[in-house]
Amino acid sequence: MLKQYLEIGQIVGTHGIKGEVRLNPWCDSPEFVKRFKTLYFDSEGRNGVKIISCRPHGNVVILKLENTDTVESASALRNKILFMNRDDSGLGDGDWFVQDLIGCSVVDSDDENKAYGTLTDVTAGAGANDIWSVTDSDNREYLLPAIKDVVKDVDVKNGIIKISPMRGIFDDAD
């Protein structure tokens with residue numbers, strides 16, 4: 001089941017004296033955070049906070065949050081994790097979040113009974129594509145390039161990723 005509220009980043013400090021905070025974003029870019037009008041201090045969406053202003057500043061985001069008007073009130077938020085509502089993200093069909101991928105079963109696109117393991121990590125590759133880590137039942141890790149030639153279908157709702165592995169990725173790959 002997909003989580004409705006996903007981690008977007010962590011407040012790492014204050015900025016200035018008027019209650020702004022610095023957010024270390026855990027998303028593709030600091031610009032992504034600008035899509036939101038409300039963020040949450042919990043993973044259930046019960047403790048929302050309105051964003052008054054948001055601007056990328058290098059690799060962090062400077063946020064002005066509602067009811068945070070002093071450096072002291074901003075400092076009290078240090079190390080808090082902020083969550084976003086999936087519905088507010090504007091994510092298109094066929095797109096997904098890394099948090100949705102982690103834990104999905106990785107199977108062969110031609111034979112779904114042939115399981116390779118579980119997707120356990122996603123890292124940014126040196127080139128244009130991410131690298132997906134797949135861990136099998138013997139705790140061996142395999143690295144897959146997240147390219148169309150390998151990744152054939154991603155069904156995060158059912159937790160299944162279908163792949164056509166390149167020769168040599170898995171011990172028995174053709």
Side-chain angles (χ1 to χ4, degrees), residues 1-13 22-36 39-45 54 56-61 63 78-174:
M1 184 167 93
L2 299 178
K3 293 187 219 173
Q4 186 65 35
Y5 296 90
L6 304 167
E7 295 175 355
I8 197 167
Q10 182 176 28
I11 296 174
V12 294
R22 290 183 300 124
L23 177 76
N24 178 22
W26 297 340
C27 43
D28 288 342
S29 76
E31 289 286 329
F32 181 75
V33 180
K34 289 172 61 175
R35 295 182 182 191
F36 300 91
L39 294 175
Y40 303 85
F41 286 109
D42 63 288
S43 61
E44 289 81 34
C54 173
H57 184 73
N59 61 349
V60 298
V61 177
L63 292 175
R78 187 184 309 265
N79 296 322
K80 298 270 187 195
I81 294 173
L82 287 173
F83 295 80
M84 64 173 206
N85 185 337
R86 167 187 300 281
D87 294 340
D88 297 340
S89 69
L91 194 67
D93 290 338
D95 292 329
W96 52 82
F97 294 105
V98 170
Q99 293 178 54
D100 297 334
L101 298 173
I102 304 297
C104 285
S105 297
V106 179
V107 299
D108 194 280
S109 60
D110 295 326
D111 179 7
E112 290 184 37
N113 292 320
K114 185 174 184 176
Y116 294 108
T118 302
L119 191 117
T120 53
D121 196 17
V122 175
T123 55
N129 58 277
D130 290 341
I131 305 298
W132 292 1
S133 299
V134 176
T135 304
D136 69 10
S137 59
D138 294 326
N139 215 28
R140 288 181 294 202
E141 183 181 56
Y142 300 93
L143 302 177
L144 296 175
I147 57 175
K148 289 182 181 189
D149 288 345
V150 174
V151 180
K152 298 302 183 181
D153 185 53
V154 176
D155 181 356
V156 292
K157 288 183 180 170
N158 292 305
I160 298 173
I161 298 171
K162 295 179 184 177
I163 66 166
S164 178
M166 299 169 81
R167 184 180 187 112
I169 290 178
F170 297 98
D171 297 335
D172 60 350
D174 291 336

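What you see is a predicted model; the values in this text were computed from it and never measured. Counting begins at 1 with the first residue of the sequence.
Here the CG atom belonging to Asp42 is positioned 12.0 Å from the CD1 atom belonging to Ile81, to the nearest 0.5 angstrom. To the nearest 0.5 angstrom, Asn85 atom CG is 4.5 Å from Gln4 atom CD. Taking CG of Asn59 as the start and CG of Asn24 as the end, the distance is 7.0 Å to the nearest 0.5 Å. Atom CG in Leu82 sits 8.0 Å away from atom CD1 in Ile8 (nearest 0.5 Å). Separating the NZ atom in Lys162 from the CG atom in Asp108 is a distance of 10.5 Å, to the nearest 0.5 Å. To the nearest 0.5 Å, atoms CD (Gln10) and CZ (Arg22) are separated by 11.5 Å.
Considering only heavy atoms from C-beta on, Trp26 stays 4.5 Å or farther from Leu6 through its side chain. Annotation: side chain of Leu119 is in contact with side chain of Ile102 (closest heavy-atom distance under 4.5 Å). By the 4.5 Å heavy-atom criterion applied to side chains, Cys27 and Val33 are counted as neighbours. Pro145 places a side-chain heavy atom less than 4.5 Å from the side chain of Ile169. For the pair Lys34/Val61, no side-chain contact is recorded, criterion being any heavy-atom separation below 4.5 Å from C-beta on. Between Asp136 and Phe170 there is no side-chain heavy-atom pair separated by less than 4.5 Å. Using a 4.5 Å cut-off on side-chain heavy atoms (C-beta onward), Leu39 and Met84 make contact. Ser105 has its side chain out of reach of Asn158: every pair of non-hydrogen atoms, C-beta onward, lies at least 4.5 Å apart.
Results of the ring pair (Phe, Tyr, Trp, His ring centres under 6.0 Å) test with Tyr5 over Phe97, Tyr40, Phe83 single out Tyr40 as the only residue that passes. Test Thr120, Val98, Leu101 against Trp132 for side-chain contact (heavy atoms from CB on, under 4.5 Å) and you get one pass: Leu101. Looking at Ile163, Ile161, Asn129 one by one, the single match for side-chain contact (heavy atoms from CB on, under 4.5 Å) with Leu144 turns out to be Ile163.
Judged purely by atom type and a 3.5 angstrom limit, Arg86 uses its side chain to pair as donor or acceptor with the backbone of Lys3.
Around the CG atom of Asp28, the shell of radius 6.0 Å holds no more than 12 heavy atoms that belong to other residues, nucleotides or ligands.
Taking each heavy atom of Glu31 and Pro56 in turn, the nearest pair found is OE2-CG, 3.2 Å.
The side-chain hydrogen bond (donor to acceptor under 3.5 Å, both in side chains) check on Gln99 picks up nothing, with sequence neighbours excluded.
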